[in-house]
Amino acid sequence: MLDQPLSPAPDVKDSSPIFGRADSRPVGWAVSRAPVPYPEAVAAMEARAEAIARGEAGELVWLLEHPPLYTAGVSAKRGDLIAPDRFPVFASGRGGQYTYHGPGQRVAYVMLDLTRRSRDVRAFVAALEAWVIGALADFNVEGQLRDGRVGVWVERKGPGWSREDKIAAIGVKLRRWVSFHGVSLNVEPDLDHFGGIVPCGVAEHGVTSLVDLGLPVTMDEADAALKASFERVFGAVIDAPLP
């Protein structure tokens, strides 16, 4: 499991994917239109990752939304769960601490075979960061990385004030060199729902979304930006059935 922040993100201006497959085989791309319960998603991910490791299934990126819930990564601290009765809380095998998932947040579960790419864990996490930063750039949002803080951040400024807010979280796990879990991008979630936890253990900074930044971005538009950026970083995708 991985939860270490890396900086800087790779340059993705080159036309060749920075973390592509040697054989250029496209990655399956599936989108769930209805909210998916967390336990069902985890079971499906684990089954797919095992099938990929056995050579019985192709790589897959699965985009979805969850009902409102909190998840605790392997580094979660009990004191960071401020409102334990507000939403269901699930233990998660991913890296990281507490995070929130809910409507308006695009979760992207990433099941990739690193044996077909590179068994370089740091490069993989950096590629995930570059993916999110590239998608944000499509909306003229500058996503940034910070030493000691996981995820992607935006710097906000006004007359006499400035702050840094988190717009995307990253938490993944590897098993037999196949990844699962992934990233979550705040498109238009209820930001008040993050108040029940200390998001990712960082109390001194806030949380934002594309809509909170004044950008009327729809989920479909966010998905299109994520797909385009993914292809620049990881290689081509192809529509695939849900896992």
Side-chain angles (χ1 to χ4, degrees), residues 1-31 45 48-49 52-53 55 57-63 94-96 106-155 166-187 210 221-240:
M1 62 287 294
L2 314 167
D3 60 351
Q4 295 299 314
L6 299 174
S7 178
D11 185 355
V12 297
K13 294 179 182 178
D14 192 292
S15 59
S16 59
I18 63 173
F19 206 79
R21 288 176 62 115
D23 61 6
S24 301
R25 182 177 178 181
V27 178
W29 189 270
V31 182
M45 272 194 296
R48 181 59 173 251
I52 293 170
E59 296 178 312
L60 182 70
V61 176
W62 182 17
L63 274 60
R94 60 162 174 79
R106 176 52 87 208
V107 175
Y109 288 135
V110 182
M111 290 152 274
L112 299 183
D113 186 354
L114 269 61
T115 63
R116 304 289 184 176
R117 297 171 180 273
S118 170
R119 289 189 176 187
D120 185 332
V121 175
R122 291 179 61 85
F124 173 54
V125 177
L128 292 173
E129 294 169 335
W131 171 29
V132 174
I133 289 171
L136 291 171
D138 283 1
F139 304 108
N140 295 316
V141 174
E142 183 183 359
Q144 301 178 354
L145 307 177
R146 291 292 182 267
D147 290 339
R149 283 189 255 146
V150 183
V152 178
W153 301 77
V154 294
E155 186 175 1
K166 190 171 191 175
I167 195 166
I170 297 174
V172 294
K173 184 173 181 176
L174 295 178
R175 182 178 296 158
R176 298 173 61 187
W177 291 103
V178 176
S179 68
F180 53 110
H181 296 282
V183 307
S184 58
L185 172 64
N186 295 333
V187 180
L210 289 168
E221 289 169 336
D223 288 352
L226 285 167
K227 178 184 281 189
S229 182
F230 185 92
E231 292 193 314
R232 293 192 294 266
V233 175
F234 293 99
V237 302
I238 187 170
D239 290 342

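A distance of 4.5 Å separates NE2 of His181 from CE of Met45, quoted to the nearest 0.5 Å. The line from CZ of Phe234 to CG of Leu128 is 4.5 Å long, rounded to the nearest 0.5 Å.
The minimum heavy-atom distance between Val152 and Gly143, with the atom names listed, is CG1-CA, 3.7 Å. Here the closest heavy-atom approach between residue Arg94 and residue Lys173 is recorded as CA-CB, 4.3 Å. Ser229 approaches Ala130 most closely through the heavy-atom pair OG-O, 4.0 Å. Summarising the geometry of Ala30 relative to Ala240, their closest heavy-atom pair is CB-O, 3.5 Å, with the distance given to 0.1 Å. Contact detail for Ala108 and Leu63: the closest heavy-atom pair is CB-CD1, 4.0 Å. Taking every heavy atom of both residues into account, Gly182 and Tyr109 meet most closely at N-CD2, 4.1 Å.
Remark: Arg106 engages Asp223 in a salt bridge (charged side-chain N to carboxylate O under 4.0 Å, His left out) (not counting sequence neighbours). Remark: Arg117 engages Glu59 in a side chain to side chain donor-acceptor pair (under 3.5 Å) (not counting sequence neighbours). Asp138 meets the salt bridge (charged side-chain N to carboxylate O under 4.0 Å, His left out) test with Arg232; sequence neighbours excluded. Applying the side chain to side chain donor-acceptor pair (under 3.5 Å) test to Arg176 and every residue at least two apart in sequence or in another chain returns Glu50. With sequence neighbours left out, Trp29 forms a ring pair (Phe, Tyr, Trp, His ring centres under 6.0 Å) with Phe230. When the salt bridge (charged side-chain N to carboxylate O under 4.0 Å, His left out) test is applied to Arg25, no partner is found at least two apart in sequence or on another chain.
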For Leu112 and Ile52: C-alpha separation, side-chain torsions, deciding distance, then whether side chain to side chain contact (heavy atoms under 4.5 Å, CB included) applies. CA-CA 8 Å; Leu112 299 183; Ile52 293 170; over 6 Å; no
What do the steps show when you test Lys166 against Arg146 for side chain to side chain contact (heavy atoms under 4.5 Å, CB included), and what is the final call? CA-CA 10 Å; Lys166 190 171 191 175; Arg146 291 292 182 267; over 6 Å; no
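Counting heavy atoms of neighbouring residues, nucleotides and ligands inside a 6.0 Å radius, atom CZ of Arg21 exceeds 12 of them. For Glu142, the CD atom counts as loosely surrounded, since its 6.0 Å shell holds 12 or fewer non-hydrogen atoms of other residues, nucleotides or ligands.
Proximity of Gln144 to Arg149: side-chain heavy atoms (C-beta onward) are nowhere separated by under 4.5 Å. Residues Val172 and Val110 have side chains not in contact (no heavy-atom distance under 4.5 Å, counting atoms from C-beta outward). Using a 4.5 Å cut-off on side-chain heavy atoms (C-beta onward), Pro17 and Val233 make no contact. With a 4.5 Å cut-off on side-chain heavy atoms, Val154 and Val141 count as touching.
The aromatic rings of Phe124 and Phe19 lie tilted to each other, with the angle between the two planes from 30° to 60°.
With hydrogens and angles disregarded, no donor-acceptor distance shorter than 3.5 Å links the side chain of Trp177 to the backbone of Asp113.
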